[in-house]
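For the single chain, residues carry numbers from 1 onward in sequence order. Only a predicted model underlies this, so the values are computations on that prediction, with no experimental measurement involved.
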Amino acid sequence: MINYFTEDCVFSFRNRRKINKWIKDTVSRENMVTGDISIIFSSDDYLLEVNKKFLNHDYYTDIITFDYCENKTLCGDLFISIDTVRSNSEKFNVSFDNELKRVIIHGILHLCGYGDKTEKEETLMREKENFYLSILEKEEK
């Protein structure tokens, strides 16, 4: 089950059914099963506190993924800063909606086992993000 929450922000997330189907299809394509996933939309300040408290990192980020996967069942929490997604959408000259979808699928791919610490991992992660975003774009047409 995929659930959505907000912390320290006002945000209305639309098209949940479509995004849920996309996430489940992605998970299935990665040969895993969708378990309990929480997507928590928050402010920069809230996510900074999560980053400090749980990861000992003192910097802003767009997403923090907590992985609770067991075997092939995908479970976890995706904490997403709406503030950083908005500023990154402007920085990269893409729509807020597109950047938000990229961040969501980025977190899902982390839960699927993909990393982004090395250049090779980052390249593969970006390829996977683009692939799954293109699938969603085709479905939206």
Check: Which pairs count as side chain to side chain donor-acceptor pair (under 3.5 Å) when at least one residue sits in residues 34-44, sequence neighbours excluded?
Finding: D8-S43, D44-S81, D44-T84

Next item on the list: Under the salt bridge (Lys or Arg N to Asp or Glu O under 4.0 Å) rule, collect the residues that match up with K24, sequence neighbours excluded.
Entry: none

Margin query: Once salt bridge (Lys or Arg N to Asp or Glu O under 4.0 Å) is applied, do any residues pair with D97, and if so which ones, sequence neighbours excluded?
Written below: K101

Checklist line | Nearest atoms (heavy-atom pairs only) where C112 meets M32 | finding: CA-SD, 3.7 Å

Item checked: Distance, nearest 0.5 Å, that separates CG of L78 from CD1 of I104 -> 8.0 Å

Note to self: Considering only residues two or more places apart or on different chains, which pairs with a residue in residues 116-127 satisfy side chain to side chain donor-acceptor pair (under 3.5 Å)?
What the structure shows: H106-D116, H110-D116, R126-E129

Item checked: side chain to side chain contact (heavy atoms under 4.5 Å, CB included) evaluation trace for I37 with L74 -> CA-CA 8 Å; I37 300 170; L74 201 95; 3.7 Å; yes

Check: Is there side-chain contact between I105 and I108, with at least one heavy-atom pair below 4.5 Å?
Finding: yes

Checklist line | Between N130 and R102: side-chain donor-acceptor atoms closer than 3.5 Å | finding: yes

Check: Which atoms form the tightest heavy-atom contact between Y4 and I19, and what is the distance?
Finding: OH-CG2, 3.6 Å

Next item on the list: Output all residues satisfying salt bridge (Lys or Arg N to Asp or Glu O under 4.0 Å) with E7, sequence neighbours left out; order by chain, then residue number.
Entry: none

Check: Would F41 and Y60 show up in the same hydrophobic cluster when neighbours are defined by side-chain heavy atoms closer than 4.5 Å?
Finding: no

Notebook entry, point to check: Is any side-chain heavy atom of K21 closer than 4.5 Å to a side-chain heavy atom of R17?
Noted result: no

Check: So, does T26 use its side chain to make a donor-acceptor pair with the main chain of W22 at under 3.5 Å?
Finding: yes

Check: Any sub-3.5 Å donor-acceptor pair from D67's side-chain atoms to C69's backbone N or O?
Finding: yes

Check: When clusters are formed from ILVMFWY side-chain contacts under 4.5 Å, directly or step by step, what else is grouped with L47?
Finding: F5, I40, Y46, V50, F54, L55, I64, F66, Y68, F79

